[in-house]
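So the structure is just underneath, and the comments pick up after that.
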Amino acid sequence: MNMVQPRLAPYVRRALRSSRAFHSSPRSYAPAPLSVAHLLDTPPPDPDNVTVNGFIRSIRNQKQRSFASVGDGSSLEPLQALLTPEQAQNLSTGTAVRLTGSWRPSPNPKAQSHELHVVGLDILGSADSATFPLQKKYHSPEFLRTIPHLRTRTPFNSTLLRFRSQSIAQVTDFFAGRDFTQTHPPIITSSDCEGAGEVFSVETAEKGRATAESDGSFFRSPKYLTVSSQLHLEALAQSVGSVWTLSPTFRAEKSETARHLSEFYMLEAEVNFVEEMEEVMSLVEDMLRHLTKGLYNSRVGQELLHGKRSGDQAEEASKRSEELERRWQGMMSESWPRITYTEAISLLEPHSEKFEHVPKWGSGLQAEHERFIASTVGNGQPVFVTNYPKAIKPFYMLPSSTDGSRETVDCFDLLVPEVCEIVGGSMREHRLEPLLSSMREHGLIPPNASSAEDLGTLKWYIDLRRWGSVPHGGFGLGFDRLLGYLSGVPNIREIVTFPRWVGRCDC
Ligand SMILES: NC(=O)C[C@H](N)C(=O)O
């Protein structure tokens, strides 16, 4: 039978020709390097001809042979390589190597199932053990924080990098499955979304001369690093319905706690055409369940739950595993408790003497209060606290009519034990006049603002209420806090690769 030849456009023919040329170019017959994770998980295609690139984590010399522990960041667990003392001569912790050899069952299967009998060794990058700060011993988180440029080479910190990457893959998958559009809102902004005055200003090193139109600054007027992408996401949600972003966020808070950073990542989503806050809360639940289930079924998730970390004592490690299982099971469970702020205050009041700050209707919940609520109400599940007093919340939240005579807004925080708040969200005030009144009350526009100029830097945001404004809501999730909670890392400074906090931004 005669095959009909498709007529190809010249540029397609060119592309095909060059791809054939690529495939017929002479091949190298050295086996492709395998990652340590691949080798540990799957029998290699040719066990007698295995190549691995990696770094020496430690080396142990005996008379007749030497053992190297080799890692490449793909696995918390290293592989064991068996070398001759001659081969091992110039190796020390940190040396980058390419090893070839055969992958053989280990005589000590309790420690490792297989080991690499090294035949060929290339030193790709030497490391002077006398000066290399990472050694084969336990390094405290405080010490490692002083060398963030090297810290991710430790097995556990490189595992955290992979954990973050896998988490991003999971949330991307979740939002794609729900037809959300991922967007990139700006980092440089002209307003303080939360109105808490915790903004960093942006300016060039040298300021120009002030004129009638400009104060001499690069953008003609003060600009800031974003404290939340929410306002811009609201604009974008009006175009495509549902949007999300995972963006850097900046807060000039002087809190030196294990939960605060000056630069962190916030995952924010905004949904248009949503009438009920319950729907936004369910979205948060579904997203976190999806994320946690995906991580639970991933290699890196299991490494964090059950893997051995440097400095581990058996008892402490098994306690940690149990606690992490509890946290993950809580995140994967259905129907998380939802209580109002007013109910939370009534739960706290009888225990006032336990707290440094007396819980009182009208005041914000302190971390100690959130911790109490999360551990007593949740029983391992995250807890939503809703409908906070209007007076302690930002201007953009929709007033709620559900809480009697007390003025509250349709907002929620999601609390987990230890880390406390990880998500904050709300329904947004979508009506023009009430938004203007709220902005007046918060001092964002003058009491009798009438002209466009009076509306200041948020004029564009007010504009969104003029044309096709519909009920909508959204949330922001502290991504680093979540990862800290799931990995059982008590200080967020270990979760972020190059952490910045008050007084610290060194490399
Ligand atoms: N997108 C959000 O709802 C987050 C909120 N603007 C906050 O910073 O807490």
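All ligand and atom numbering here is 1-based and tracks the order in the structure.
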Margin query: Tell me whether the rings of Tyr388 and Tyr341 are parallel (<30°), tilted (30 to 60°) or perpendicular (>60°).
Written below: tilted
Item checked: Atoms in ligand 1 with a heavy atom of Arg428 nearer than 4.0 Å -> 1 (N), 2 (C), 3 (O)
Note to self: Check Glu494 with Arg145, please: is the shortest side-chain N to carboxylate O separation under 4.0 Å?
What the structure shows: yes
Notebook entry, point to check: To the nearest 0.5 Å, what is the distance between NE2 (His139) and CG (Asn157)?
Noted result: 11.0 Å
Note to self: Tell me whether the rings of His430 and His472 are parallel (<30°), tilted (30 to 60°) or perpendicular (>60°).
What the structure shows: perpendicular
Next item on the list: Select one of side chain, backbone, both or neither to describe which atoms of Tyr396 lie under 4.0 Å from any atom of ligand 1, heavy atoms only.
Entry: side chain
Item checked: Which residue and heavy atom of the protein sit nearest atom 8 (O) of ligand 1, plus the separation -> Arg251 NH2, 2.9 Å
Notebook entry, point to check: Atoms of ligand 1 less than 4.0 Å from Gly476 heavy atoms?
Noted result: 1 (N), 2 (C), 3 (O), 4 (C)
Check: Where do Lys223 and Ser221 land on the side-chain hydrogen bond (donor to acceptor under 3.5 Å, both in side chains) test, with the steps shown first?
Finding: CA-CA 6 Å; Lys223 299 292 170 247; Ser221 57; 2.8 Å; yes
Notebook entry, point to check: Looking only at N/O atoms, are Glu194 and ligand 1 under 3.5 Å apart anywhere?
Noted result: yes
Check: Tell me: protein heavy atom nearest atom 4 (C) of ligand 1, and distance?
Finding: Glu268 OE1, 3.4 Å
Note to self: Taking the ring of Trp244 and the ring of Phe180, is the distance between their centroids below 6.0 Å?
What the structure shows: no
Item checked: Atom indices of ligand 1, in the order listed, that fall short of 4.0 Å to a heavy atom of Met266 -> 8 (O)
